[in-house]
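Taking it in order: structure first as structure tokens, then the write-up.
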Amino acid sequence: MRNLLQVRMLRSVLASKFPPISRLSLRVPASQYSATASAIPAPNTQPEIHFNKIFINNEWHDAVSKKTFPTVNPSTAEVICQVAEGDKADVDKAVNAAKQAFRLGSPWRRMDASHRGLLLNRLADLIERDSAYLAALETLDNGKPYALSYSVDLSVVVKCLRYYAGWADKNHGKTIPIDGDYFCYTRHEPVGVCGQIIPWNFPLFMQASKLGPALATGNTVVMKVAEQTPLTALYVASLIKEAGFPEGVVNIVPGYGRTAGAAISSHMDIDKVAFTGSTEVGQLIQQAASRNLKKVTLELGGKSPNIILSDANLEDAVEQAHSAVFFNQGQVCCAGSRTYVQEDIYNEFVERSVERAKKRVVGDPFSLQTEQGPQVDEAQFKKVLGYISAGKRDGAKLMCGGGVAADRGYFIQPTIFGEVKDNMTIAREEIFGPVMQILKFKTLEEVIERGNDTQYGLAAAVFTRDIDKAHYISAALRAGTVWVNCYNVCGVQAPFGGYKASGNGREFGEYGLEAYTEVKTVTIKVPAKPTGS
Amino acid sequence: MTTTPGDTQNHDPNPSAAPPGLPIPVSDLEVKYTKIFINNEWHDSSCGRKIPVYNPATGEKICEVEEGDEEDVDKAVKAAKEAFQLGSVWRRMDASDRGRLLNKLADLVERDQLILATMETIDSGKLFLIAYFVDLMAAIKTLRYYGGWSDKIQGRTIPVDGEYFTFTRHEPVGVCGQIIPWNFPLLMFIWKIAPALCCGNTVVIKPAEQTPLTALHMAALMKEAGFPPGVVNVVPGYGSTAGAAIASHMYIDKVAFTGSTEVGKLIKEAAGKSNLKRVTLELGGKNPNIIFADADLDHAVEQAHHGLFFNQGQCCLAGSRIFVEETIYDEFVRKSVERAKRRVLGNPFIPGVDQGPQIDKKQFDKILELIESGRKEGAKLECGGSPWGDKGLFIQPTVFSDVTDEMRIAKEEIFGPVQQIMKFKTLDEVIKRANSTHYGLVAGVFTQNINKALTIASSLQAGTVWVNCYNAMSSQCPFGGFKMSGNGREI
């Protein structure tokens with residue numbers, strides 16, 4: 001029963017502080033049979049740094065140039081430690097290691113598919129074992145509230161790895177009834193050496209979502225982690241070794257985008273690149289990839305419309321719309337950053353949203369009461385403040401917030417703009433911060449057109465009780481994910497990705513295997529086949 | 001320490017001379033679970049009767065278990081139905097959490113691997129090292145395999161004509177009755193419950209009356225892993241009572257049976273007569289193993305040997321009609337006989353022993369009767385042919401050559417250590433002869449020629465065809481029979 005009590009305690013803590021959490025992929029059922037329910041352990045606010053070098057062939061290396069770069073705690077603006085700075089030479093070493101690990105006859109190539117799954121499950125076990133440490137380290141390096149690192153980020157990381165562990169021996173090819181005396185079948189082979197460039201907003205989760213499908217399908221990896229948040233990924237590298245992955249299968253190079261990242265996207269021996277980050281950089285990656293025509297998948301930015309119809313459950317919609325924008329300090333690619341509210345309920349919606357935003361607890365991310373930590377670094381901090389100025393300049397109505405929230409670190413007040421028009425900068429460009437835009441609309445057709453009027457197409461949502469309107473809107477919006485009466489619900493079983501400039505390809509679910517699979521057709525001549533099939 | 005035919009057997013499960021590095025059986029194994037398992041609790045039998053459980057290597061009684069009858073099956077079905085109600089814990093559980101529970105169960109089976117392997121050997125007579133390295137390993141892998149599928153059972157959205165949104169849901173069937181045999185007690189238990197639970201069903205499972213012990217230990221592990229009450233219920237009992245009750249129960253939505261073809265027919269009939277419950281059957285086989293002249297002969301002899309004699313010949317997969325191309329026939333027979341004569345019988349706990357006892361007196365008598373028919377009908381007895389030892393149900397490895405297709409030993413499933421070797425001339429002939437049986441479970445072909453291999457693979461009416469191997473099974477591959485070897489596919 002102790003488990004059940006903890007579950008109830010956790011639920012009430014979460015429900016009061018983070019109502020949207022109960023809608024996220026962490027489900028906390030009132031049942032002791034859930035595998036994920038547990039209380040949040042008190043954080044160690046000064047986690048020790050064990051790994052800060054480049055991980056190649058299951059070993060730790062200094063940069064070839066011997067250079068290092070600092071990684072900063074955004075809550076205090078202080079340097080946490082120096083990290084080896086990988087550049088082209090280090091990427092070359094990593095690619096060689098990954099190539100070796102992928103050669104025909106290597107331990108990784110010869111491994112049973114089910115054993116790859118076993119290793120992924122083992123990695124999940126180890127991450128679970130060390131989740132308190134990893135959550136604290138994530139909070140230290142990224143600034144996200146510890147309660148969320150622990151109960152959300154770590155939880156989805158483990159789920160993602162376990163999900164893909166399950167797929168490892170289920171990537172089936174087909175036997176195919178072609179014309180003629182032939183036996184024809186497809187083999188689903190790994191693509192090869194995969195370059196993976198990941199961002200800083202969900203460091204651990206981004207790492208797991210890239211490694212899961214790549215390793216399940218038998219590829220080898222060269223991963224560049226974001227310069228803002230390298231620490232947790234490097235610790236996980238040590239667990240990858242501990243889990244028993246052969247050397248060279250996963251290689252991790254901390255470094256900058258324009259050096260290490262560029263080296264990856266243009267590398268002649270990398271067979272595929274996966275990138276999550278801004279649309280601008282996505283375009284650079286796509287161009288660089290054309291050098292050897294490596295396969296490219298991109299998960300980019302968004303300016304996702306969140307549409308509130310007048311028949312919505314208003315209280316629920318306000319709360320969901322709040323976390324749709326403010327979750328993770330607004331640093332979410334699918335943030336619902338254009339909140340379209342039907343005119344009948346507009347005034348009340350704005351009033352309630354402002355009330356909610358004013359209650360948002362901004363502060364030390366290690367405190368369990370905190371809902372919002374700092375932005376990830378000075379560059380983002382300045383950029384968000386710049387957008388807030390643009391909003392004021394363009395004539396949007398500042399309803400609350402609008403400034404810096406503390407004199408140390410990169411904290412910004414939860415900010416709401418009302419009376420926003422579609423052509424304002426804050427309505428068109430991705431802010432990636434705690435800034436909510438509320439726009440008014442009249443009719444369904446109008447809001448669909450306005451919702452789709454963007455270069456982006458990552459996600460969208462509609463709040464309504466009417467089943468027909470829900471279906472109509474979800475079919476009409478050009479977005480990779482459409483939420484109905486919820487937001488930010490991302491199960492690892494469901495594909496996620498963008499229309500238009502929000503990206504190419506899908507991650508998660510069975511669909512996520514495709515980008516990491518190369519299909520080979522084998523056709524064998526047979527003497528007169530006895531049956532037509 | 002090996003035993004040779006004629007020695008008296010030492011049935012001590014802890015022989016002192018076990019080579020280092022090999023797993024050691026548990027000595028003085030305690031059988032903790034002997035009751036009926038319903039709603040995560042242990043129940044006495046309603047009729048008050050007990051089933052004696054014997055060690056076929058010694059003939060001694062191990063213990064007694066509660067005998068489940070119709071009333072107990074009823075109780076179990078009620079529990080399973082309750083657990084399947086809309087809104088129940090099991091129905092509302094995330095699919096991925098069902099997978100977590102199956103993986104947790106795999107962890108527990110791994111933890112208790114020695115206990116389960118020892119128990120399986122004492123109860124079924126199979127070799128301890130085989131139980132440990134084959135049965136238990138396969139069981140763990142199967143659980144993990146299905147653990148991985150649970151949140152990947154996907155329906156589709158479908159572009160129908162008209163103003164409609166259409167999608168398919170892949171829902172669990174409901175309460176599944178499962179009746180399993182005695183030849184791979186634990187593995188059969190896992191093969192049945194793993195996919196059923198993966199897809200969200202609830203289960204009432206009847207282990208064979210000869211071998212209920214590992215199933216009952218698994219029930220305890222399922223409770224420990226955290227499966228909600230009523231999701232799996234285990235009712236030991238006899239086929240004609242508990243088994244029949246399951247097959248004809250009005251509230252069981254599906255029955256899965258592995259066993260003989262004759263009982264399979266009864267099950268299908270009962271299902272039709274009662275509530276048209278869905279039926280899957282894994283039945284017998286009289287499986288052809290075809291050896292071409294261009295095969296690697298020594299490899300083929302060895303594979304064909306194990307293909308028949310594995311598990312004391314008690315395998316639905318047994319390659320019990322070995323067709324050998326005439327040019328290599330004599331050589332093949334000679335080598336096979338030599339190989340069979342080297343087979344060591346004895347205490348299944350001792351490393352180095354190749355073959356344990358048959359499961360019970362009924363099987364023992366049936367096999368000897370069929371051997372006798374082989375003699376009478378004119379097959380040539382090359383070796384073996386008689387019982388072995390002064391205790392337990394052992395039969396000598398037996399080889400018949402010059403077997404022809406109408407002999408009983410060429411038509412009926414023997415389920416014992418009796419190998420039939422027949423001669424063939426041409427490809428077309430052997431395909432015809434291999435297919436002329438009501439069975440169709442598996443087949444093997446040994447050849448270096450790619451055309452022959454592919455032709456045979458596509459011509460044989462068999463659920464699995466092995467090329468240059470035999471008994472190569474893995475949890476990722478579907479398995480099941482054509483024709484009267486069964487309906488449907490498992491794993």
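Residue numbers begin at 1 in each chain, while the letters A, B, ... track the order of the sequences. Only a predicted model underlies this, so the values are computations on that prediction, with no experimental measurement involved.
Interatomic distance, A/D112 CG to B/K141 NZ, rounded to the nearest 0.5 Å: 5.5 Å. Taken to the nearest 0.5 Å, the CG atom of A/L118 stands 10.5 Å off from the CD1 atom of B/I140. The distance from the CG atom of A/D468 to the CZ atom of B/F165 is 12.5 Å, given to the nearest 0.5 Å.
For B/Q476, the CD atom is densely surrounded, since the number of other residues' heavy atoms within 6.0 Å is greater than 12. Taking a 6.0 Å sphere around NZ of A/K525, one finds it holds more than 12 heavy atoms contributed by other residues, nucleotides or ligands. For CZ of A/R129, the number of neighbouring non-hydrogen atoms (other residues, nucleotides, ligands) closer than 6.0 Å is greater than 12. The environment of B/F133 atom CZ is dense: over 12 non-hydrogen atoms of other residues, nucleotides or ligands sit within 6.0 angstrom. The environment of CD1 in B/I158 is crowded: more than 12 heavy-atom neighbours from other residues, nucleotides or ligands sit within 6.0 Å.
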With side-chain contact (heavy atoms from CB on, under 4.5 Å) as the test, would you mind laying out the steps for A/R162 and B/S96 before giving the verdict?
CA-CA 9 Å; A/R162 294 205 192 287; B/S96 59; over 6 Å; no
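A distance-only check finds no donor-acceptor pair linking the side chain of B/K152 to the backbone of A/K170 [under 3.5 Å].
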Side-chain donor-acceptor pairs of residues 472-484 of chain A under 3.5 Å, sequence neighbours excluded:
{"unit_1": "A/S474", "atom_1": "OG", "unit_2": "A/A470", "atom_2": "O", "d": "2.8"}
{"unit_1": "A/S474", "atom_1": "OG", "unit_2": "A/H471", "atom_2": "O", "d": "3.2"}
{"unit_1": "A/W483", "atom_1": "NE1", "unit_2": "A/V489", "atom_2": "O", "d": "2.9"}

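Among residues 436-452 of chain B, the residues having any heavy atom closer than 4.5 Å to a heavy atom of chain A are, in sequence order, B/I450, B/N451.
Heavy atoms only, all atoms of each residue included: B/Q154 and A/Q493 are closest at OE1-O, 4.5 Å.
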